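We number each residue from 1, following the sequence as shown. Given the structure is predicted, the values throughout are model-derived calculations rather than measurements.
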Amino acid sequence: SDYVFLRENLAELKGDEYAEKRQRVRAFEDAASGYQFIPLGPEAFDACLAIHRAWTLINVEAMEPRMVEYEHDAIQNSFGHFSELKLIGGVLEVHGRVEGFAVGEPLDSETVVLLFEKANPKLDGIFPTLNRECARKVFKPFRYINDEPDLGNTELRRIKESYHPVHMIPKYILERP
C-alpha cells in the first residue's frame with residue numbers, strides 16, 4: 001500500500017505524535033548549523049548519485065541485490081530526464097556539501113509522489129529534516145504527499161508509519177492463472 005500524508009502535517013510536525021521527529025530535527029540543526037535546503041537542479045545530480053552510492057553501501061544488506069541496481073538506474077534516468085518528466089526536488093547541504101536529496105513527481109494538482117529520498121545516514125536527524133524541508137518548500141503547492149509502498153521492508157514500514165499517514169492506497173499484483 002502507498003502511504004499518503006497531509007503535506008501540512010509533515011511541514012509543521014505539530015502535536016505529540018511528532019515530538020520524536022521534532023527532537024531529531026533539532027539534533028540535526030544543532031549538529032549541522034550550516035545547513036541549507038535548496039531546489040534540486042542539474043548542478044547537484046552527481047553529488048546526489050554519490051550520496052545514493054554511499055547510502056547503498058551502508059544499507060546493502062537490507063536490500064535485494066537487483067533492487068540496488070534498479071534503484072540506481074532509476075535515479076540516474078530520472079536525473080537524465082528531470083525536466084521532461086516534470087520532476088521536482090530538493091537538496092540538503094551541510095557546509096556546502098550535498099548530504100541528502102529528495103525527488104518527487106506531481107501526480108495531480110493535489111498530490112506529489114515522493115520517488116526518492118536519500119541522505120547520509122551518519123548524520124542523525126537528517127531524514128526527518130529533509131522530509132520536513134521538502135514538505136515546507138518543494139512540495140508546498142500540494143495537499144498530499146504519497147510516499148509509495150514499503151515493499152515489505154519492516155523497518156521502512158515502521159518509519160513510514162511513524163509519520164502518521166492519513167490514508168493508505170492498496171496495491172495489487174495481477175497474475176494470470
Side-chain angles (χ1 to χ4, degrees), residues 1-15 17-18 21 25 37-49 51-52 55-56 59 62-64 66-93 98-119 126-175:
S1 295
D2 284 1
Y3 294 75
V4 179
F5 304 92
L6 277 174
R7 183 207 55 82
E8 183 178 336
N9 291 351
L10 301 184
E12 296 177 6
L13 300 176
K14 287 184 178 178
E17 65 267 21
Y18 292 106
K21 300 296 180 201
V25 168
F37 183 83
I38 58 174
L40 176 60
E43 66 284 349
F45 290 166
D46 287 340
C48 291
L49 286 168
I51 285 293
H52 178 256
W55 180 91
T56 300
N59 293 283
M63 299 177 71
E64 291 182 43
R66 73 177 199 279
M67 292 304 288
V68 172
E69 184 180 333
Y70 293 162
E71 185 174 61
H72 178 78
D73 289 350
I75 292 171
Q76 197 164 18
N77 287 331
S78 71
F79 288 164
H81 301 282
F82 199 79
S83 295
E84 293 167 65
L85 296 171
K86 297 179 175 43
L87 300 178
I88 55 177
V91 171
L92 200 58
E93 289 185 348
V98 173
E99 295 289 357
F101 72 97
V103 177
E105 176 183 27
L107 179 65
D108 55 36
S109 63
E110 287 202 323
T111 307
V112 61
V113 178
L114 181 60
L115 301 174
F116 310 109
E117 185 178 47
K118 301 293 177 195
I126 192 167
F127 280 99
T129 305
L130 178 59
N131 191 285
R132 183 195 68 178
E133 293 300 309
C134 281
R136 283 182 172 180
K137 297 172 181 163
V138 178
F139 301 154
K140 191 172 184 173
F142 303 96
R143 182 168 183 200
Y144 299 105
I145 298 173
N146 178 329
D147 199 5
E148 298 200 296
D150 57 42
L151 303 173
N153 180 312
T154 55
E155 179 63 12
L156 193 52
R157 179 179 303 121
R158 184 192 66 74
I159 292 167
K160 289 181 184 232
E161 288 174 350
S162 76
Y163 282 94
H164 310 288
V166 291
H167 66 272
M168 307 284 284
I169 300 173
K171 294 278 189 167
Y172 302 96
I173 297 175
L174 298 176
E175 295 180 358

Among residues at least two apart in sequence or on other chains, which ones pass side chain to side chain contact (heavy atoms under 4.5 Å, CB included) with I38? Q36, V91, E93

Atom pair CZ (R132) and OH (Y18), whose distance is rounded to the nearest 0.5 Å: 14.0 Å

How long is the gap from CG on L6 to CZ on F142, to the nearest 0.5 Å? 14.5 Å

Check the orientation of F5 and Y163. Use parallel for under 30°, tilted for 30 to 60°, and perpendicular for over 60°. perpendicular

For the side chain of H164 and the backbone of S162, is there at least one donor-acceptor N/O pair under 3.5 Å apart? yes

Residues I88 and V112: closest non-hydrogen pair is CD1-CG2, 4.0 Å

One pair to check against salt bridge (charged side-chain N to carboxylate O under 4.0 Å, His left out): R158 and E155. What are the steps and the verdict? CA-CA 5 Å; R158 184 192 66 74; E155 179 63 12; 2.7 Å; yes

Between F79 and F45, the two heavy atoms sitting closest are O-CE1, 3.2 Å

Find out whether I169 and S1 are in side-chain contact, i.e. whether some heavy atom of one side chain is under 4.5 Å from a heavy atom of the other. no

Can you tell me how far CG of L13 sits from CZ of R136, rounded to the nearest 0.5 angstrom? 7.5 Å

Set of salt bridge (Lys or Arg N to Asp or Glu O under 4.0 Å) partners for E8, sequence neighbours left out: none

Please assess V103 against I75 for the test side-chain contact (heavy atoms from CB on, under 4.5 Å), listing each intermediate value before the final yes or no. CA-CA 9 Å; V103 177; I75 292 171; over 6 Å; no

Is it the case that atom NZ in K14 sees more than 12 heavy atoms from other parts of the structure closer than 6.0 Å? no

Nearest 0.5 Å, please: how far is CD in E105 from CZ in F82? 10.5 Å

On a heavy-atom basis, the closest approach of F37 and C134 is CZ-SG, 3.7 Å

Between Y144 and V166, is the side-chain contact (heavy atoms from CB on, under 4.5 Å) condition met? List the steps. CA-CA 9 Å; Y144 299 105; V166 291; 4.2 Å; yes

Restricting to non-hydrogen atoms, name the atom on L40 and the atom on A102 that form the minimum distance, rounded to 0.1 Å. CD2-O, 4.0 Å

Donor-acceptor under 3.5 Å (R7 side chain, R143 main chain): no

With E133, the side-chain contact (heavy atoms from CB on, under 4.5 Å) member among L130, T129, N131: T129

Can you tell me if CG on D46 sees more than 12 non-hydrogen neighbours from other groups inside 6.0 Å? no

Atom CG of D2 and atom NE2 of H167: how far apart are they, to the nearest 0.5 Å? 9.0 Å

Below 6.0 angstrom between ring centroids: does that apply to H52 and F101? no

Could you tell me which non-hydrogen atom of I145 sits nearest to which non-hydrogen atom of A135, and how far apart they are? CD1-CB, 4.1 Å

Determine whether P165 and V4 make a side-chain contact, defined as any pair of heavy atoms from C-beta on separated by less than 4.5 Å. no

Between V98 and C48, is a side-chain contact (heavy atoms from CB on, under 4.5 Å) present by the stated rule, with each step listed? CA-CA 7 Å; V98 173; C48 291; 4.3 Å; yes

By side chain to side chain contact (heavy atoms under 4.5 Å, CB included) - contacts of V113 (at least two apart): L107, L115, N146, E148

Looking at E84 and G80, what are the two nearest heavy atoms and their distance? OE2-O, 4.2 Å

Gap between atom NZ of K118 and atom CD1 of I126 - 0.5 Å precision: 13.0 Å

Check for a donor-acceptor pair, side chain of K160 on one end and backbone N or O of D147 on the other, with a separation under 3.5 Å. yes

